[in-house]
Q: 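Take a look at the following structure, please.
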Amino acid sequence: MNPKVANAGVTALARIDGGAALAELARLATRTTYKGTLKLLNTALDQRARALGLGREEVEELAVPAYGLTEVGRGGVELGEVTALLEVQGVKAVLRWRSATGKEVKSVPAAVRRDHPEELKELGAAVKDIDKMLGAQVERLDRQFLARRTWSYDAWRERYLDHPLVGSLARRLLWTVDGTPVGFADGALRTLADAPVERGEEVTLWHPVGRESAEVVAWRDWLERHAVTQPFKQAHREVYLLTDAERATGTYSNRFAAHIVRQHQFHSLAAVRGWRNKLRMCVDDTAPPATRELPQWGLRAEYWIEGEGEEWGVDATESGSYLRLRTDQVRFYPIGAPENAAHCYAGGYTMRLRDGAEPVEPLPLTGIPPLVLSEVLRDVDLFVGVASVGSDPTWQDGGPDGRFREYWTVYGFGELNQSAETRRVLLARLVPRLAIAERCRIEGRFLHVTGDLRTYKIHLGSGNILMTPNDEYLCIVPKSSAGTAVQTGYVPFEGDRTLAVVLSKALMLARDTEITDPTIVSQIRRARD
C-alpha cells in the first residue's frame with residue numbers, strides 16, 4: 001500500500017471516537033512495519049490512552065471487540081430457522097450452520113442466501129475480522145513476556161480469561177496466580193495437580209526461564225494430558241542461557257553472527273517482533289543496527305547487520321535495497337545510550353556522539369536479566385531461522401556465482417540450534433504416534449524415514465533432505481500452506497512451520513511409491529538408478 005494512503009487512513013481512524021476505531025488502531029499497531037505509519041499509530045494510541053486516563057497496554061486490552069461472540073470462542077446467530085455458529089478454532093474463525101432440526105449442514109443453506117443476504121455478508125466480514133484480530137492478539141501476547149505486566153485478578157479475568165475473543169487464546173496459556181502456576185482445563189483454572197484455583201490477587205504470564213526443568217516437563221505433560229494446544233510456544237519455549245563463549249566475549253554474543261539472511265523478510269519479522277530496523281541501500285549511507293528498546297528494563301538490544309554483495313541487480317533490487325544481509329553481534333546498552341551506526345555495506349559500527357556526549361560501553365552479558373537475554377536471543381534465532389538463505393531448499397547451488405554454497409550446506413545440515421533442539425525433543429514424542437512410526441527413527445540431527453524406494457534423512461533444523469546411501473540432496477519445495485493439512489494428531493503448540501514441513505515430508509517419503517510429482521520422482525529415481 002502507498003504509505004501516504006496508509007497514513008491518511010490512520011489519521012482518519014484516530015479522529016473517530018468509539019471502540020471499533022480504537023480496536024483497529026490497536027490491531028494495526030501490532031502488524032504495521034512501515035516506520036512512519038507505525039509512528040502515527042503509536043501517537044494515536046498514546047493520545048487515546050492519555051484521554052482515557054489509562055496506560056497504553058490497558059487501552060490495547062480494552063479495545064478488543066467481541067465480534068458477536070457470546071461466550072469464549074463461540075457465538076450463534078438465528079437466521080430464520082437456521083442457526084449460524086461462529087467458533088474460534090486455534091487461531092482461525094470457523095462459520096458453521098445448523099438446521100431447524102439441529103443437524104449441521106456443510107454449506108450455507110439456500111434459505112439464508114435468499115432471505116438474509118446482508119446478515120450473511122456481515123458474518124463473512126466478521127470471520128475475516130476475527131482472523132486478523134486473532135493474529136494480532138497472538139503477537140501481542142507473545143510479546144508480553146518482556147513487558148513485565150501484572151494484572152489484578154478481576155481485571156485479568158475480564159480482559160483475558162473470560163473475554164469472548166481473547167479468552168480463546170488466554171485459556172490455552174499458562175499463568176501464575178499469586179505465584180502459583182496454573183492452566184485452564186475442564187472449565188476452571190487448575191494447578192499441576194489439577195486442583196482448582198478460584199480466586200487470587202495478582203496474575204502474571206508464566207515463563208520457563210528460572211523454572212526447574214522438572215516443572216517445565218510436568219507442564220508439558222499437563223498440556224498433553226488435557227489436549228491443550230498453545231497459540232505459541234510457552235511450555236515448549238526455547239530458553240537461551242549464557243554460554244561459555246559469551247562469558248568470554250563479555251559484552252557481545254556471536255551466537256547468531258555470520259549468517260546470510262534475506263533483507264526484506266528479516267525487516268518484516270523484526271517489525272512484527274517489536275524491533276526497529278532500517279533497510280540497507282546500495283548507496284553511500286549509514287544505518288543503525290536493528291534495535292529493540294526495552295523500557296521496562298532500561299535496556300536497548302542491538303543486532304548488528306550489514307548489506308551483502310556489490311552487484312546491482314544481483315545483490316540488490318532495482319530501487320537499490322540489498323536483497324541479503326550478513327549478520328554480526330548482539331549487544332545490550334542502557335536505553336538512553338547514543339546510537340551506534342555503520343556503513344550499510346562495510347559495517348564497522350561506531351557510536352554517534354552529539355553535543356559532547358561521552359561514549360557508552362556495551363553492558364556485560366552477565367548483568368542482563370536471564371529472561372531478557374533469552375527472549376532477545378530467541379527473536380534473533382527466529383530472524384535467522386526464517387530468513388536465512390540456508391533454509392531455502394532451492395539454494396543448493398549456492399546462489400549467485402555459488403557464493404553461499406558452503407554456508408547453505410553448513411546451515412542446512414549442520415548442528416541444531418536451540419529451536420531445532422526443541423523440535424527434536426517434541427518429534428521424539430510425536431513420531432511414535434504416527435501411522436508411519438515403524439518407518440521412522442530420530443538420530444542426531446535427522447529424522448530418518450524408510451521408504452520403499454530410498455531411505456531419507458530430514459534435517460530437523462532446516463527441513464532439507466538427504467537420500468542414503470550417498471547423501472544425495474532431494475529438493476522438495478513445501479507449499480505455502482504446509483502445516484495446515486498435515487494430520488499428525490495432537491501438537492502442543494501452533495506456529496512452528498518447520499515442524500509441519502518436516503512432518504509433511506516424512507509422511508510423503510514413507511510412501512515414496514505413491515508420489516506423483518514428476519520433479520520429486522525424477523530425483524528419487526535418478527539417485528536409485
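Side-chain atoms are counted along with the backbone in the values below, which use heavy atoms only and exclude waters and symmetry mates. Each residue takes its place number in the sequence, starting with 1.
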Q: Stepwise, does the side-chain contact (heavy atoms from CB on, under 4.5 Å) test hold for Asn277 with Phe266?
A: CA-CA 9 Å; Asn277 184 54; Phe266 170 88; 3.9 Å; yes
Q: Kindly write out the residues that satisfy salt bridge (Lys or Arg N to Asp or Glu O under 4.0 Å) with Glu198, not counting sequence neighbours, or none if the list is empty.
A: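 Per chain and number, Glu198 pairs via salt bridge (Lys or Arg N to Asp or Glu O under 4.0 Å) with no residue.
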Q: Do the rings of Trp275 and Phe383 sit parallel, tilted or perpendicular, given the 30° and 60° boundaries?
A: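 Perpendicular, since the angle between the ring planes exceeds 60°.
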Q: Check whether any side-chain N or O of Arg143 sits under 3.5 Å from a backbone N or O of Val272 as a donor-acceptor pair, and report yes or no.
A: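 Looks like yes, one N/O pair under 3.5 Å.
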Q: What residue pairs, at least two apart or across chains, pass salt bridge (Lys or Arg N to Asp or Glu O under 4.0 Å) with a residue in residues 82-95?
A: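 Every pair satisfying salt bridge (Lys or Arg N to Asp or Glu O under 4.0 Å) with a residue in residues 82-95: Arg74-Glu87, Glu87-Arg96.
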Q: For Glu318, does the CD atom have more than 12 heavy-atom neighbours from other residues, nucleotides or ligands under 6.0 Å away?
A: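 No, not enclosed.
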Q: For Glu494, which residues count as a side-chain contact (heavy atoms from CB on, under 4.5 Å) partner, sequence neighbours excluded?
A: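 So Glu494 forms a side-chain contact (heavy atoms from CB on, under 4.5 Å) with Val91, Arg172, Thr229.
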Q: Taking atom types as modelled and ignoring hydrogens, do the side chains of Asn464 and His459 form a donor-acceptor contact shorter than 3.5 angstrom?
A: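 No donor-acceptor contact under 3.5 Å links the two side chains.
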Q: Using the side-chain contact (heavy atoms from CB on, under 4.5 Å) rule, pick out the option among Thr204, Val203, Thr191 that qualifies with Val177.
A: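 Among the candidates, only Val203 passes.
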Q: Can you label the angle between the Trp156 ring and the Tyr153 ring as parallel, tilted or perpendicular, going by 30° and 60°?
A: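 If you compare the ring of Trp156 with that of Tyr153, the planes turn out tilted.
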Q: Please list, chain by chain and in numerical order, all residues satisfying side chain to side chain donor-acceptor pair (under 3.5 Å) with Arg300, sequence neighbours excluded.
A: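 Glu302.
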Q: Would Glu118 and Lys121 pass as an ion pair if we require N to O under 4.0 Å?
A: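 Lys121 and Glu118: not salt-bridged.
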Q: Just jot down the side-chain contact (heavy atoms from CB on, under 4.5 Å) partners of Ser319, sequence neighbours excluded, or say none.
A: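 Partners of Ser319 under the side-chain contact (heavy atoms from CB on, under 4.5 Å) test: Thr317, Ser321.
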Q: Output all residues satisfying side chain to side chain donor-acceptor pair (under 3.5 Å) with Ser107, sequence neighbours left out; order by chain, then residue number.
A: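 Ser107: no side chain to side chain donor-acceptor pair (under 3.5 Å) contacts found.
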Q: Evaluate the side-chain contact (heavy atoms from CB on, under 4.5 Å) criterion for residues Met508 and Glu514: first the C-alpha distance (whole Å), next the side-chain angles of each, then the deciding distance (0.1 Å), finally the verdict.
A: CA-CA 8 Å; Met508 178 176 62; Glu514 300 175 15; over 6 Å; no
Q: Could you tell me which residues satisfy ring pair (Phe, Tyr, Trp, His ring centres under 6.0 Å) with Phe256, sequence neighbours excluded, listed by chain and number?
A: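 For Phe256 there are no ring pair (Phe, Tyr, Trp, His ring centres under 6.0 Å) partners, ignoring immediate neighbours.
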Q: Between Asp142 and Arg273, is the closest basic N to carboxylate O distance under 4.0 Å?
A: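 Yes, Arg273 and Asp142 are salt-bridged.
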Q: Name the orientation class of the two ring planes belonging to His236 and Phe493 (parallel below 30°, tilted from 30 to 60°, perpendicular beyond 60°).
A: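 Geometry flag for Phe493 against His236: tilted rings.
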Q: If the condition is side chain to side chain donor-acceptor pair (under 3.5 Å), which residues does Thr83 pass it with, not counting sequence neighbours?
A: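 Here the qualifying residues are Glu78.
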Q: With sequence neighbours left out, what residues match Asp131 under salt bridge (Lys or Arg N to Asp or Glu O under 4.0 Å)?
A: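 Salt bridge (Lys or Arg N to Asp or Glu O under 4.0 Å) list for Asp131, sorted by chain: empty.
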Q: Does Tyr240 have any side chain to side chain donor-acceptor pair (under 3.5 Å) partners at least two apart in sequence or in another chain, and if so, which?
A: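 Checked Tyr240 against side chain to side chain donor-acceptor pair (under 3.5 Å); matches are Asp381.
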Q: Considering residues at least two apart in sequence or located in another chain, which fulfil the salt bridge (Lys or Arg N to Asp or Glu O under 4.0 Å) criterion with Arg429?
A: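 Arg429 satisfies salt bridge (Lys or Arg N to Asp or Glu O under 4.0 Å) with Asp221, Glu224 only.
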Q: Run the ring pair (Phe, Tyr, Trp, His ring centres under 6.0 Å) test against His116 and tell me which residues pass, sequence neighbours left out.
A: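 Once residues adjacent in sequence are excluded, His116 has no partner under the ring pair (Phe, Tyr, Trp, His ring centres under 6.0 Å) criterion.
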